[in-house]
Amino acid sequence: MHYWLMKSEPGEFSIDDFAKAPGKKTTWFGVRNYLARNFMRDQMQLGDLAFFYHSSCEVPGIAGIVEICKLAHPDLTQFDAKSDYYDAKATPEKPRWFNVDVKLVKKTRLLPLSELREHKKLAGMQLLQRGNRLSITPVDPADWKFILSLL
DNA sequence: GCCAACGTTGGC
DNA sequence: GCCAACGTTGGC
């Protein structure tokens, strides 16, 4: 059992889009970073929980809690020549990119990045590190608990 | 296998 | 729109 933080740009897919999705489920396609892929493919387990985070927007921050509801499987967009996420070097026999499916557990209040930064306890969080750009990061169980208490 | 150039991310 | 950080590419 692990905890995670997964970034999404609300302009692409927001917490409200998520709430409207059939079954409140979505496929986390489009990750094209090897470290983030490895987290999904090698470490995410059914029932793992993650914070749903709004990035690249007016007020970046945590917007909800989601659950991993399907283990990593090949990201179909890598085979689609019309997709922005197309990868010419990937084949169905040798897929390069994977995604999990996630289910919305609940929408929370928006907990802004600026507020997370105010808590010294959270200073070690990967999200808060200088230059962090990874779209999926592990969250320490103690940090997870503490953040839950802020929501 | 090194490393400079380039592209992308994402907060501000 | 700016720019720091960092990942990827490609020449050698």
Side-chain angles (χ1 to χ4, degrees), chain A residues 2-21 26-44 48-68 71-140 142-151:
Chain A
H2 293 107
Y3 297 106
W4 307 95
L5 182 140
M6 302 172 81
K7 295 182 186 174
S8 181
E9 298 188 18
E12 297 295 319
F13 189 74
S14 71
I15 188 79
D16 291 323
D17 295 328
F18 206 154
K20 282 184 236 152
T26 193
T27 297
W28 206 265
F29 64 88
V31 169
R32 292 294 180 270
N33 171 282
Y34 287 103
L35 200 46
R37 178 204 66 181
N38 293 348
F39 284 143
M40 285 197 285
R41 191 191 57 187
D42 305 334
Q43 293 194 41
M44 281 188 178
D48 276 7
L49 297 171
F51 291 123
F52 183 89
Y53 179 92
H54 279 174
S55 69
S56 286
C57 56
E58 205 169 327
V59 185
I62 290 169
I65 293 172
V66 304
E67 179 182 343
I68 309 307
L71 292 175
H73 49 100
D75 181 336
L76 296 178
T77 62
Q78 71 192 306
F79 311 128
D80 177 1
K82 281 175 263 163
S83 168
D84 286 346
Y85 300 111
Y86 178 63
D87 185 339
K89 291 179 183 160
T91 64
E93 293 72 35
K94 272 205 148 186
R96 179 180 286 193
W97 304 109
F98 292 81
N99 47 224
V100 294
D101 288 3
V102 293
K103 188 176 145 199
L104 183 63
V105 174
K106 69 170 178 181
K107 179 180 173 175
T108 63
R109 78 172 175 103
L110 183 71
L111 173 50
L113 176 62
S114 58
E115 188 178 331
L116 290 170
R117 289 197 192 283
E118 287 170 12
H119 296 282
K120 278 190 193 146
K121 266 191 176 181
L122 298 176
M125 269 190 92
Q126 201 163 329
L127 175 74
L128 305 183
Q129 302 314 301
R130 211 182 144 79
N132 163 69
R133 301 186 327 183
L134 207 50
S135 63
I136 298 177
T137 51
V139 174
D140 185 85
D143 291 343
W144 177 272
K145 255 192 169 175
F146 182 69
I147 292 169
L148 280 188
S149 76
L150 302 173
L151 290 169

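Order of the sequence lines fixes the chain letters, A, B, ..., with proteins taken first and strands second; residue numbering starts at 1 for each chain. Only a predicted model underlies this, so the values are computations on that prediction, with no experimental measurement involved.
Residues W97(A) and D87(A) meet the side-chain proximity criterion, which asks for heavy atoms closer than 4.5 Å.
Shown here are the side chain to side chain donor-acceptor pair (under 3.5 Å) partners of D101(A), two or more places apart in sequence or in another chain: T27(A), H73(A).
The line from SG of C57(A) to NZ of K7(A) is 11.0 Å long, rounded to the nearest 0.5 Å. Between the CD1 atom in I147(A) and the CD atom in E115(A) there is a gap of 10.5 Å [rounded to 0.5 Å].
Using cut-offs of 30° and 60° on the angle between ring planes, the pair Y85(A) and F29(A) is perpendicular.
One interatomic measurement links the two molecules: CZ of R32(A) to C1' of dG7(B), which rounds to 16 Å at whole-angstrom precision. Taking atom CZ of R96(A) as the reference point, atom C1' of dT8(C) lies 11 Å away to the nearest angstrom. To the nearest angstrom, P of dG7(B) lies 19 Å from CG of N33(A). For R37(A) and dT8(C), the CZ to P distance is 10 Å, given to the nearest whole Å. In this entry the distance linking CG of L35(A) with C1' of dT8(B) reads 16 Å, nearest Å.
Among I62(A), D143(A), I136(A), L134(A), the single residue meeting the side chain to side chain contact (heavy atoms under 4.5 Å, CB included) criterion with L5(A) is I62(A).
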Which pairs, protein N/O on one side and nucleotides 10-12 of chain B N/O on the other, fall under 3.5 Å?
from, atom 1, to, atom 2, distance (Å)
dG10(B), OP1, K7(A), NZ, 2.9
dG10(B), OP1, R133(A), O, 2.7
dG11(B), OP1, Y53(A), OH, 3.0
dG11(B), OP2, S56(A), N, 3.0

